[in-house]
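Protein chains get the first letters and strands the later ones, always in sequence-line order, with residue 1 at the start of each.
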Amino acid sequence: MQLQLQYFLLLAAALFCIGVYGLITSRNAVRVLMSIELMLNAVNLNLMGFSNYLDPVQIKGQVFTVFVVTVAAAEAAVGLAIVLAIYRNRNTVDMEEFNLLKW
Amino acid sequence: MNLAEGVQIVSFGILSVMMIAGALGVVLFSNIVYSAFLLCGVFTSIAGLYLLLNADFVAAAQVLIYVGAVNVLILFAIMLVNKREDFRTIPNAWVRQVATAVVCAGLFALLGTMVVSTPWAIVATTGAPAESSIVTIAKHFFTDFLLPFELASVFLLMAMVGAIVLARRDFLPDQLSSNKLSETPAFSLQERPRELVSAGDVSAPESK
């Protein structure tokens with residue numbers, strides 16, 4: 001018995017689904033950002049699994065993972081800045097109260 | 001990876017259980033500080049999984065960037081919006097949660113079926129790779145991925161400037177310009193949250 005690619009892909013799929021659930025159901029804006037981080041990590045895990053099992057010589061999946069980590073860090077910084085700005089504006093972090101663009 | 005196979009299987013099981021339990025805790029805990037610390041555990045277990053996948057550089061980068069930077073940033077944001085508020089209950093909230101859970105379970109079933117039934121073209125690994133993964137990644141960065149690599153640095157600069165502009169308090173208290181500094185205590189917080197905008201007032205429910 002050896003570690004297979006399918007194990008990692010199933011694990012990443014489970015993590016992605018948990019992230020989607022948290023993204024939709026949570027009402028705290030910071031928790032929404034944490035769920036987005038979970039989903040990005042699931043994608044990273046997929047990329048690393050493919051890089052190790054399908055492309056072990058020139059590991060381009062790891063390069064893609066580094067780029068995804070870069071984008072995720074930038075997204076976290078800008079997203080938390082937006083959360084701070086909207087908390088100052090509306091005095092709450094409840095996602096249900098952010099209805100400025102609702103018509 | 002030159003660990004024995006049993007060791008690999010056992011560590012994969014421990015890391016995956018830690019990761020799934022931590023992710024469920026992140027989503028389901030009501031206290032968000034617990035969620036932030038569990039997110040730290042999730043990131044660390046993912047770094048361990050990267051080590052199982054022969055990726056030492058990315059595992060170290062994962063620990064440094066996610067555990068060291070992103071998670072601390074999230075904790076700072078939690079402390080900055082530290083307000084104990086009970087969210088207003090909305091009617092039929094359980095319908096939304098159950099529907100989302102069903103959709104997510106269906107998505108997982110779909111992905112799992114796809115993963116199991118697809119014949120992956122797995123390359124037979126011949127033991128350890130010829131050179132270290134750091135050398136290979138560096139060659140990629142400075143030859144065929146040079147333009148995205150440089151663009152990533154510009155992108156990080158843009159994100160940093162944008163985050164500072166967004167999160168900065170864009171009004172200064174008037175006391176600083178006048179000579180009334182002696183009246184106010186030295187460490188009082190001068191700024192307040194901005195007044196609510198008129199469109200869609202939270203405190204007063206608008207009449208529709």
Tell me which of these, [options], has more heavy-atom pairs under 4.5 Å with chain A than the rest.
options: B:Ala77, B:Ala23, B:Ala99, B:Ala152; result: B:Ala23
options: B:Met158, B:Met114, B:Gln97; result: B:Gln97
options: B:Leu110, B:Val70, B:Val42; result: B:Val70
options: B:Val116, B:Leu111, B:Ile90; result: B:Ile90
options: B:His140, B:Met160, B:Gln62, B:Met19; result: B:His140
options: B:Ala55, B:Ala36, B:Gly112; result: B:Ala55

Task: Neighbour count above 12 (heavy atom, 6.0 Å) for B:Phe37 CZ - done: no

- [ ] Would you please classify the geometry between the B:Tyr66 ring and the B:Phe43 ring as parallel, tilted or perpendicular, with 30° and 60° separating the classes?
- [x]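 Judged by the thresholds at 30° and 60°, the geometry between B:Phe43 and B:Tyr66 is tilted.
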
Please look at [X] and chain B and tell me whether the side chain, the backbone, both or neither of the residue comes under 4.5 angstrom of a heavy atom of that chain.
X: A:Phe64; result: side chain
X: A:Leu38; result: side chain
X: A:Thr65; result: side chain

Task: Pairwise distance CG(A:Asn41) to CG(A:Asn46) - rounded to 0.5 angstrom - done: 11.5 Å

Task: Rounded distance (nearest 0.5 Å) linking atom CG of A:Leu80 with atom CG of B:Leu166 - done: 11.5 Å

Task: Options A:Arg31, A:Gln6, A:Gln58, A:Met34, ranked by heavy-atom pairs under 4.5 Å with chain B, top entry - done: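 Top option by heavy-atom pairs under 4.5 Å: A:Arg31.
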
Task: Contact winner vs chain B - A:Leu23, A:Val69, A:Val20, heavy-atom pairs under 4.5 Å - done: A:Val69

TODO: Scan side-chain atoms only and decide if B:Asn54 and B:Ser133 contain a donor-acceptor pair under the 3.5 Å cut-off.
DONE: no

Open item on the list: Quick check: do B:Leu80 and A:Tyr87 have side-chain heavy atoms less than 4.5 Å from each other?
Closed with: no

Task: Portion of B:Ile65 that has a non-hydrogen atom of chain A nearer than 4.5 angstrom - done: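 Answer is side chain: those atoms of B:Ile65 sit under 4.5 Å from chain A.
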
